[in-house]
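Structure first, commentary second.
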Amino acid sequence: MTAKKNLTEALKRYFGFDTFKGDQEAIIENLLAGNDTFVLMPTGGGKSLCYQLPSLLMDGVAIVISPLIALMKNQVDFITHLNEHEGVAHYLNSSLNKAAIDQVKADIKSGLTKLLYVAPESLTKEDNVEFLKSVKVSFYAVDEAHCISEWGHDFRPEYRRIRPIINEIGVAPVIALTATATDKVRTDIKKNLGILDAAEFKSSFNRPNLYYEVRPKTKDIDKDIVRFIKQHPGKSGIIYCLSRKKVEDLADVLRANDIKAACYHAGLESALRSQTQDDFLMEKIDVIVATIAFGMGIDKPDVRFVIHYDIPKSLEGYYQETGRAGRDGGEGLCIAFYSYKDLQKLDKFMEGKPVAEQDIGRQLLQETAAYAETSVCRRKMLLHYFGEQYPKDNCGNCDNCLHPVTKIEARDQLVTALKAIIAIKENFRSDYVIDFITGRETDEIMAHHHDELEEFGSGEDDNPKIWNPVIRQALIAGYLKKEVENYGLLKVTAAGKRFINNPHSFMVVEDHEFNEEEEVADGGTSALDLTLSSMLQDLRRKWSRKLERPPYVIFQDVSIEQMATEYPVTLEELKNIQGVGDGKTRQPYAKDFVNLIKKYCEENNIERQADLRVRTKAKDSMRKLKIIQNIDRHIALDDIANALGIDFEELLDELEGIVLYSGNRINIDYFLDDIMDPDDIDDIYGYFAESETGDLKAAYEELGGDYEEDEIRLVRIKFISEMAN
């Protein structure tokens with residue numbers, strides 16, 4: 001019987017698969033032959049099998065060095081489930097008590113355990129080293145090996161100590177595995193682990209089933225995410241945020257909107273994290289909101305979407321996190337929200353770190369920004385980053401390819417850029433090159449006397465927005481290369497030099513513009529149905545005349561706009577509109593509005609998207625409830641503010657939210673009677689009764705000479721509470 005047949009039979013016996021995937025068989029054969037091995041395989045490619053199967057076939061115990069306790073538990077459970085013997089796989093980490101550790105060691109000594117997962121911190125403990133010296137080690141597997149490199153997206157200093165510990169325990173073959181590694185990171189890993197001669201197995205990074213999209217991050221991001229999830233009901237998804245606070249806040253928002261969600265970050269109790277992970281795997285919850293600590297090694301094949309609330313710190317991190325989606329080959333939607341302000345925040349976080357670390361971090365951030373802002377095929381750009389060429393110009397499965405931007409001729413601009421890079425001795429990064437081309441007299445350029453060169457300012461007559469895309473797309477086309485190990489210096493390739501001598505057509509697409517000033521305002525919308533809005537305003541005027549109340553008391557403009565966007569056709573749906581509460585839906589006119597919208601939708605074949613309003617998270621609702629309860633008990637408003645730890649202005653904001661946006665009624669007469677003259681209250685009240693809009697700014701201009709702003713706001717709150725709700 002051939003060795004090949006033996007391996008296939010072992011695969012079937014232990015894992016139930018008939019055939020190997022990609023390079024798995026060659027990798028396993030190389031390891032079984034006692035050779036060092038380097039595996040670069042995307043998430044979902046089957047890395048784990050490359051060390052799990054040989055561990056079951058070889059003498060001794062395989063030591064798998066892994067960064068996450070969650071991953072260890074998940075994989076040990078998986079191997080144990082496949083095998084008839086308890087103890088064939090174990091983990092050794094800080095979560096175990098002494099009795100459990102003793103059991104693990106006994107199983108290893110007896111020869112039962114074939115696979116031992118350890119964290120690098122546990123591997124370096126003196127008593128563990130002494131114990132492992134006494135057993136036969138079949139091989140060492142270093143999982144998530146990118147953690148070794150300072151250029152990797154998840155650098156961990158303790159990974160640098162792995163090779164000395166291996167030498168101390170006992171030399172055996174090493175297999176290093178990672179899902180994301182640029183050429184620089186790959187070299188770093190092999191050098192540090194002492195496996196420079198290792199056989200390399202590099203799989204394609206292309207995941208054709210994944211859809212990539214970058215959206216501008218506006219003030220309505222929470223609403224955008226709720227809408228997206230509601231459009232994919234019951235599907236599993238992960239949302240990544242950079243901060244623990246945002247993770248918890250967003251999970252609250254999702255739950256408030258009837259989405260089965262939970263949060264996951266390193267600050268939570270270990271038992272809670274494990275429970276959350278199990279609930280996600282068992283589909284008791286649909287969505288996990290997490291920091292990057294979640295997902296490594298999670299074997300859930302049907303994650304249908306991965307959302308990045310914040311743009312990641314590196315493309316390696318982004319690629320690995322998006323790789324959690326569609327591992328079964330099915331649909332995988334990868335949506336990232338991008339704001340230049342977020343990039344500035346991440347840059348600021350680096351201050352205080354060693355200069356070399358800051359430099360690496362900023363380069364990684366620039367690559368992420370380039371990916372977010374580009375209009376070229378996102379798949380093509382991602383694969384290029386990992387050293388792989390994608391042959392097509394249009395992948396048909398990213399936002400840029402589905403909605404292509406018009407290309408423009410940039411032959412002359414490319415020649416200008418290539419000549420400029422040569423003129424400054426190919427010794428600078430892209431931001432410096434662009435400053436040089438556009439003629440910016442920066443301190444750095446002046447210090448190098450580059451302002452005296454003929455090529456300085458050679459592109460100043462061109463649109464300054466063209467240079468970033470020209471350089472990025474020249475890199476993809478092979479006219480330029482970036483020396484990552486030398487801090488991203490741009491070099492002209494042989495093809496680039498030929499282009500200078502024989503220029504030909506070079507079409508580029510300009511970058512997306514993420515203009516912070518064009519964000520959608522709170523409550524505003526770009527999907528407003530103007531015809532319906534006009535009809536609703538007519539109906540509001542009719543009821544205004546009938547009830548002899550200002551139109552804004554019936555419904556505010558923001559409420560009318562939302563009705564003309566979201567088409568509520570029942571009183572229950574109407575409650576989801578900003579400024580409409582239970583009290584408002586009991587008003588005699590409420591039914592008229594939903595009937596008008598229902599008729600309009602039927603006559604115009606409008607396809608509605610139900611309930612897209614983001615409700616406030618639970619803790620905000622609790623604060624409002626406390627305020628209403630204290631007002632019912634006639635507690636002075638300034639005392640309520642003090643008890644909540646907020647200033648009086650913030651309390652007024654809350655009160656306006658309660659009466660204006662939630663549509664609730666409150667009675668603050670007891671407080672007004674204490675601080676204001678009854679005639680003054682009547683005067684301000686009369687103003688708002690005659691006002692067409694109830695606008696505060698206009699009220700300040702009209703009444704400000706006689707009354708304080710707080711007094712005007714308080715009486716307006718009283719007026720709207722009584723008349724509108």
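- A distance of 4.5 Å separates CD1 in Ile28 from CZ in Phe20, rounded to the nearest 0.5 Å.
- Within a 6.0 Å sphere centred on NZ of Lys313, other residues, nucleotides and ligands contribute 12 heavy atoms or fewer.
- In this structure, a donor-acceptor pair under 3.5 Å is absent between the side chains of Gln473 and Tyr479.
- For the pair Glu316 and Leu364, the minimum side-chain heavy-atom distance is below 4.5 Å.
- When all heavy atoms are compared, the tightest approach of Phe38 to Thr178 is CZ-CG2, 4.1 Å.
- Asn397 places a side-chain N or O within 3.5 Å of a backbone atom of Leu210 that can act as its donor or acceptor partner.
- Nearest heavy-atom pair across Val509 and Val405 is CG1-O, 3.4 Å.
- One distance of note links CG of Asp222 with CG of Leu250; it measures 5.5 Å at 0.5 Å rounding.
- Side-chain atoms of Asn400 come within 3.5 Å of backbone N or O of Val376 as a donor-acceptor pair.
- More than 12 heavy-atom neighbours from other residues, nucleotides or ligands sit within 6.0 angstrom of CZ on Arg163.
- No cation-pi contact links Arg379 to Tyr212, judged by a cut-off of 6.0 Å to the six-membered ring centre and 45° from its axis.
- Contact check for Phe228 versus Leu333: side-chain heavy atoms found under the 4.5 Å cut-off.
- Using cut-offs of 30° and 60° on the angle between ring planes, the pair Phe436 and His450 is perpendicular.
- Under the 4.5 Å side-chain criterion, counting only non-hydrogen atoms from C-beta, Val508 is not in contact with Arg472.
- Checking side-chain atoms of Asp511 against main-chain N and O of Asn468 turns up no donor-acceptor pair under 3.5 Å.
- With Tyr264 as the fixed residue, the side chain to side chain contact (heavy atoms under 4.5 Å, CB included) test singles out one of Val289, Ile238, Ile288: Ile288.
- Taking the charged nitrogens against the carboxylate oxygens, Arg378 and Asp399 do have a contact shorter than 4.0 Å, which makes a salt bridge.
- Contact annotation: the side chain of Val303 approaches that of Phe280 to within less than 4.5 Å [non-hydrogen atoms, C-beta and beyond].
- Around atom NZ of Lys419, no more than 12 heavy atoms belonging to other residues, nucleotides or ligands sit under 6.0 Å away.
- Between atom OG1 of residue Thr416 and atom CD of residue Glu455 there is a gap of 10.0 Å, rounded to the nearest 0.5 Å.
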Fill in: Verdict with reasoning, Phe337 to Ile225, per side chain to side chain contact (heavy atoms under 4.5 Å, CB included)
CA-CA 10 Å; Phe337 288 90; Ile225 289 172; 3.8 Å; yes
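- Here the CG-CG distance, from Leu418 to Leu480, works out to 5.5 Å after rounding to the nearest 0.5 Å.
- In this structure, Asp188 does not pair ionically with Arg186, as no charged nitrogen and carboxylate oxygen lie closer than 4.0 Å.
- In plain terms, the two heavy atoms of Ser203 and Glu388 that are nearest each other are O-OE1, 4.4 Å.
- Relative orientation of the Phe305 and His232 rings is tilted, given thresholds of 30° and 60° on the angle between their planes.
- Of the possible polar contacts, one joining the Thr493 side chain to the Gly478 backbone as a donor-acceptor pair under 3.5 Å is found.
- The backbone N or O of Cys241 lies less than 3.5 Å from no partner atom in the side chain of Asp310, so there is not a single donor-acceptor pair.
- In terms of modelled atom types and a separation under 3.5 Å, the side chain of Tyr319 and the main chain of Phe205 share a donor-acceptor contact.
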Worksheet item: Can you check side chain to side chain contact (heavy atoms under 4.5 Å, CB included) on His448 and Ile424, steps first, answer last?
Response: CA-CA 9 Å; His448 285 99; Ile424 55 177; over 6 Å; no
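- In this structure, Gln24 contributes its side chain and Gly46 its backbone to a donor-acceptor pair below 3.5 Å.
- Taking NZ of Lys219 as the start and CG of Asp224 as the end, the distance is 13.5 Å to the nearest 0.5 Å.
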Worksheet item: How far apart are the C-alpha atoms of Lys482 and Leu490, what are their side-chain angles, what is the distance that settles it, and do they pass the side chain to side chain contact (heavy atoms under 4.5 Å, CB included) test?
Response: CA-CA 5 Å; Lys482 188 179 287 186; Leu490 292 177; 4.3 Å; yes
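- Smallest separation of non-hydrogen atoms from Ser66 and Pro120: O-CD, 3.6 Å.
- Nearest heavy atom pair, residue Pro503 against residue Val415, reads CB-CG2, 3.9 Å.
- Taking the charged nitrogens against the carboxylate oxygens, Asp328 and Arg304 do have a contact shorter than 4.0 Å, which makes a salt bridge.
- Asn30 and Thr37 form a side-chain donor-acceptor contact under 3.5 Å, judged by distance and modelled atom types alone.
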Practice prompt. Kindly indicate, with the supporting measurements, whether the criterion side chain to side chain contact (heavy atoms under 4.5 Å, CB included) is fulfilled by Leu382 and Leu315.
Written response: CA-CA 8 Å; Leu382 264 181; Leu315 277 184; 4.2 Å; yes
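- Residues Asp342 and Tyr309 have side chains that never bring a donor and an acceptor to within less than 3.5 angstrom of each other.
- The shortest side-chain heavy-atom distance between Ser236 and Lys300 falls under the 4.5 Å cut-off.
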Discussion item. Would His504 and Phe499 count as a ring-ring contact (aromatic ring centres under 6.0 Å, His included) here? Give the steps.
Written reply: CA-CA 7 Å; His504 49 80; Phe499 190 93; 4.7 Å; yes
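- Closest approach of Ile311 and Ala372 over heavy atoms only: CD1-CB, 4.3 Å.
- Surrounding CD of Glu452 are more than 12 heavy atoms belonging to other residues, nucleotides or ligands, all under 6.0 Å away.
- Proximity of Ile229 to Ile239: side-chain heavy atoms (C-beta onward) are separated by under 4.5 Å at one or more points.
- Here OG1 of Thr322 is found 11.0 Å from CD1 of Ile335. Values are rounded to the nearest 0.5 Å.
- Of the possible donor and acceptor atoms, one in the side chain of Glu409 sits under 3.5 Å from a partner among the backbone N and O of Phe506.
- Partner of Tyr338 under the side chain to side chain donor-acceptor pair (under 3.5 Å) criterion, out of Glu373, Lys217, His308: Glu373 alone.
- Lys491 places a side-chain N or O within 3.5 Å of a backbone atom of Glu426 that can act as its donor or acceptor partner.
- Considering only heavy atoms from C-beta on, Arg327 comes within 4.5 Å of Arg207 through its side chain.
- Contact annotation: the side chain of Glu510 approaches that of Asn463 to within less than 4.5 Å [non-hydrogen atoms, C-beta and beyond].
- Classification of Asp393 and Lys380 as a salt-bridged pair holds, one side-chain N sitting under 4.0 Å from a carboxylate O.
- The environment of Asp443 atom CG is sparse: at most 12 non-hydrogen atoms of other residues, nucleotides or ligands sit within 6.0 angstrom.
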